[in-house]
There are 2 protein chains.
Amino acid sequence: MNIKEVAKRAKVSTATVSRTINDSQKVKPGTAARVRKAIEELNFYPNTHARTLVSGRSRMLGLIISDITNPFFPELVKSFEDQAVQRGQEVIIGNTDYSPKRMSGCIRRMVERKVDGVAIMTSEADAALVTELTRRNIPTVFMDTGTNSAHSANIRIDYAQGIHEAMDHLFSLNHRHIAFITGPMNLESARIRRAAFLSGLKYHGLSERALIENGDHRIEGGAIAMGNLLALPHPPTAVITSNDLTAIGALGAIHQAGLKVPDDFSLIGFDDISFAHLTQPPLTTVILSRTQLAVTAFAALEALIRKEEGPHDDYIIPTHLVLRGSTRAI
Amino acid sequence: MNIKEVAKRAKVSTATVSRTINDSQKVKPGTAARVRKAIEELNFYPNTHARTLVSGRSRMLGLIISDITNPFFPELVKSFEDQAVQRGQEVIIGNTDYSPKRMSGCIRRMVERKVDGVAIMTSEADAALVTELTRRNIPTVFMDTGTNSAHSANIRIDYAQGIHEAMDHLFSLNHRHIAFITGPMNLESARIRRAAFLSGLKYHGLSERALIENGDHRIEGGAIAMGNLLALPHPPTAVITSNDLTAIGALGAIHQAGLKVPDDFSLIGFDDISFAHLTQPPLTTVILSRTQLAVTAFAALEALIRKEEGPHDDYIIPTHLVLRGSTRAI
DNA sequence: CTGTTAGCGCTTTCAT
DNA sequence: ATGAAAGCGCTAACAG
């Protein structure tokens, strides 16, 4: 079942069938209709691999993420795929599992499959591994890392805004002794959040009371860090965490200690993963819209693929505080 | 950059390069080494589309799921992809969003991309839509629906086992008034769970006290159903739900009413989504291993693709109760 | 063991 | 507006 059979049935050449499939203007409506009828009758689907081979465009996009089971990613993946499918593009996904080795494997797969572009949405991207892409001039979009160039774009996330909103909120609730639980310090994005906390403290004239514990962006780390905070002679009255998983761990530690949120502690997370509003109490947190991120990344990638030249706008994703039940005034 | 340039550089024919790439035995080690060196130096990656075109095999698999943001799926997707990547296969994912129309779109994409096989892991599969696959003799694996044939296999999930284990557990805890909150009754898998509850009741001689509320496999439905149960003159002492989301909704309703789990109610979920152990208290639930499901589906698909004839074994995934903190004796 | 060559199904000049 | 024909990069006979 191929274009030849369609051509035979419609009594035209394969070129005309091809033109019809590709909506070329130069086909007489009557002829096109005959071709379409034949396609319908034969249940013909064009072979994308043959098309790719000759056109050089695969209509496939790569999407590299850290781990689909990390609740940050599914929504991102879904929105990105929706965009792609709407435009007739396919998405192939790469899970790096936070490993540089697997990352380079992902990139290799993308190159082999001749993707038209790739979005690297991991927080731990390693610039060195991406040379394979740049060398081949494959359009690439990064999150948080990398720079804008002819074949790549960087989506910046404004972590600071959300953190500052969280601190303003806590400040207005009379909290003056606020702690921060970080993510892993080898992550650029975790360092940015930590820095935003520090600058917020400064803004409110609280710099001398900086209270920081290290977490790992996982539940366990949050629980341990919170334990340390609770053991302090003067524990903080409020805690901001580098992500929601950390906050969930902290919440557990607080409960474990027989204390309550928000009565004894105010707690604010970051990310707004889907489970954040299901905790007891529902977690006040900072939203980073994965949909917005996906839509922006896709648009940036498309622009790159279409080689839209000129200094494109900076892509930047805002973050915002969303109030739920885990904070209260003292 | 293609096989020709590699051939030129290694001073062999393209056929020899192809043989080397494909680990054909008929290449003299020395020649193979020279070819590999050239590949390395030129940074050559074979074009998969050309390979597909000539070999007829795309080394791509389709995986159709309902919705990647439904916590049931990410783990399934990850395990399936892991298997595939290990064997040099790519996975393209289709989200049906529970819509037959989108399902048929997914299938069309799979056919166009010439996938070697497809795993349909939605619970709401519509047999009619799949004819496109069967007509083209594309190996297909289903979950819960469909039958075993030359080009398709069915993975059965033993929902009843887990439900019965849950009921035995509750019975041993002296619960005699047990309710069940169902999923949407148009889902075969939800009907099976409901039937398992009924048969369990019968087994324990409790048939005359069947107490069933309808849910929708979402949080809201669970909350509403639990509200109805709480409003009863004689509320049950324990509740089993058709999935974890329903249990989380029920948990919220119980808390809302000022009651506690497991003190006032015992609660058991189903699925063991990743958040199930993060609730307060951690949810006792029935595990359906997504990893096992993915591994089995992948193996079944591979067997089909290799055309391993003969009446293959029935594929069946067990389910088991996992004890956590939401049940207690009365 | 290695080379030559005919396609795989499609798009795209170049003619007509 | 349509057709003929030359490849896209690779694999798989078939020859040697």
Side-chain angles (χ1 to χ4, degrees), chain A residues 1-39 42-60 88 90 108-116 136 138, chain B residues 1-39 42-60 88 90 108 111-116 136 138:
Chain A
M1 169 54 50
N2 56 26
I3 206 175
K4 235 173 174 167
E5 296 203 26
V6 176
K8 198 186 301 174
R9 187 172 185 101
K11 298 189 195 310
V12 293
S13 71
T14 60
T16 299
V17 176
S18 174
R19 287 186 192 110
T20 307
I21 291 169
N22 294 294
D23 290 321
S24 160
Q25 304 312 315
K26 314 176 187 175
V27 183
K28 203 200 290 183
T31 317
R34 227 166 58 241
V35 173
R36 266 189 267 279
K37 184 155 161 283
I39 288 174
L42 292 173
N43 230 286
F44 165 77
Y45 288 28
N47 181 325
T48 53
H49 302 282
R51 298 178 100 166
T52 296
L53 193 54
V54 48
S55 72
R57 298 183 49 242
S58 65
R59 300 196 73 76
M60 294 203 300
E90 206 61 53
R108 184 188 177 105
R109 282 162 49 208
M110 303 297 162
V111 174
E112 283 184 348
R113 298 281 172 183
K114 293 261 179 296
V115 294
D116 294 338
R136 289 163 203 268
I138 297 175
Chain B
M1 169 55 47
N2 54 28
I3 207 175
K4 235 173 176 167
E5 296 202 26
V6 175
K8 200 187 300 174
R9 186 175 186 101
K11 297 190 197 307
V12 295
S13 71
T14 60
T16 299
V17 177
S18 175
R19 287 185 192 108
T20 307
I21 291 170
N22 294 295
D23 290 321
S24 162
Q25 305 310 317
K26 315 175 186 175
V27 184
K28 202 198 292 183
T31 315
R34 228 168 55 243
V35 172
R36 268 190 268 278
K37 183 154 161 285
I39 287 174
L42 293 172
N43 229 285
F44 166 78
Y45 289 27
N47 181 326
T48 52
H49 301 282
R51 298 177 101 166
T52 296
L53 193 55
V54 48
S55 72
R57 297 182 51 243
S58 65
R59 302 195 75 75
M60 295 202 299
E90 205 61 53
R108 185 190 175 105
V111 174
E112 284 183 348
R113 298 280 172 183
K114 294 262 179 295
V115 294
D116 293 338
R136 290 163 202 269
I138 297 176

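Worth saying up front: this structure is predicted, and the values here are computed from it rather than measured. Letters A, B, ... are given to chains in the order of the sequence lines, protein chains preceding strands, and every chain is numbered from 1.
Chain A approaches DNA chain D within less than 4.0 angstrom (heavy atoms of the protein), and the contacting nucleotides run 5' to 3' from D:dA1 to D:dG9.
Put simply, CZ on B:Arg113 is 18 Å from P on C:dG9, counting in whole angstrom units. Remark: P of C:dC1 and CZ of B:Arg34 are 14 Å apart, rounded to the nearest angstrom. In this structure, B:Ile3 places its CD1 atom 15 Å from C1' of C:dA6, rounding to the nearest Å.
For the pair A:Arg136/A:Val111, a side-chain contact is recorded, criterion being any heavy-atom separation below 4.5 Å from C-beta on. For the pair B:Tyr45/B:Asn47, no side-chain contact is recorded, criterion being any heavy-atom separation below 4.5 Å from C-beta on. Counting heavy atoms from C-beta outward, A:Arg51 and A:Arg59 have side chains that stay 4.5 Å or more apart.
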Pairs under 3.5 angstrom only: tabulate donor-acceptor contacts from the side chains of residues 4-12 of chain B to other protein residues two or more places apart or in another chain.
from	atom 1	to	atom 2	distance (Å)
B:Arg9	NE	B:Glu41	OE1	2.6
B:Arg9	NH2	B:Glu41	OE1	2.9

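Dashed line: the shortest gap from a side-chain N or O of A:Asn2 to OP1 or OP2 of C:dC8 is not under 4.0 Å. Under 4.0 angstrom from either OP1 or OP2 of C:dT2 there lies no side-chain N or O belonging to B:Ser13. Of the side-chain N and O atoms in A:Thr14, none sit less than 4.0 angstrom from OP1 or OP2 of C:dT11.
The one candidate from A:Ile3, A:Val27, A:Ile21 that meets the side-chain contact (heavy atoms from CB on, under 4.5 Å) condition with A:Thr16 is A:Val27.
Of all nucleotides listed (C:dT2, C:dT11, C:dG9), C:dG9 comes nearest to the side chain of A:Leu53.
For the pair B:Ser55 and B:Pro29, both in contact range of DNA chain C, the more 5′-proximal nearest nucleotide belongs to B:Pro29. Of the two residues near DNA chain C, A:Arg51 and B:Ala50, the one whose nearest nucleotide lies more 5' is B:Ala50.
Counting only distance, with no hydrogens or angles, the side chain of B:Thr48 and the backbone of A:Glu112 share a donor-acceptor pair below 3.5 Å.
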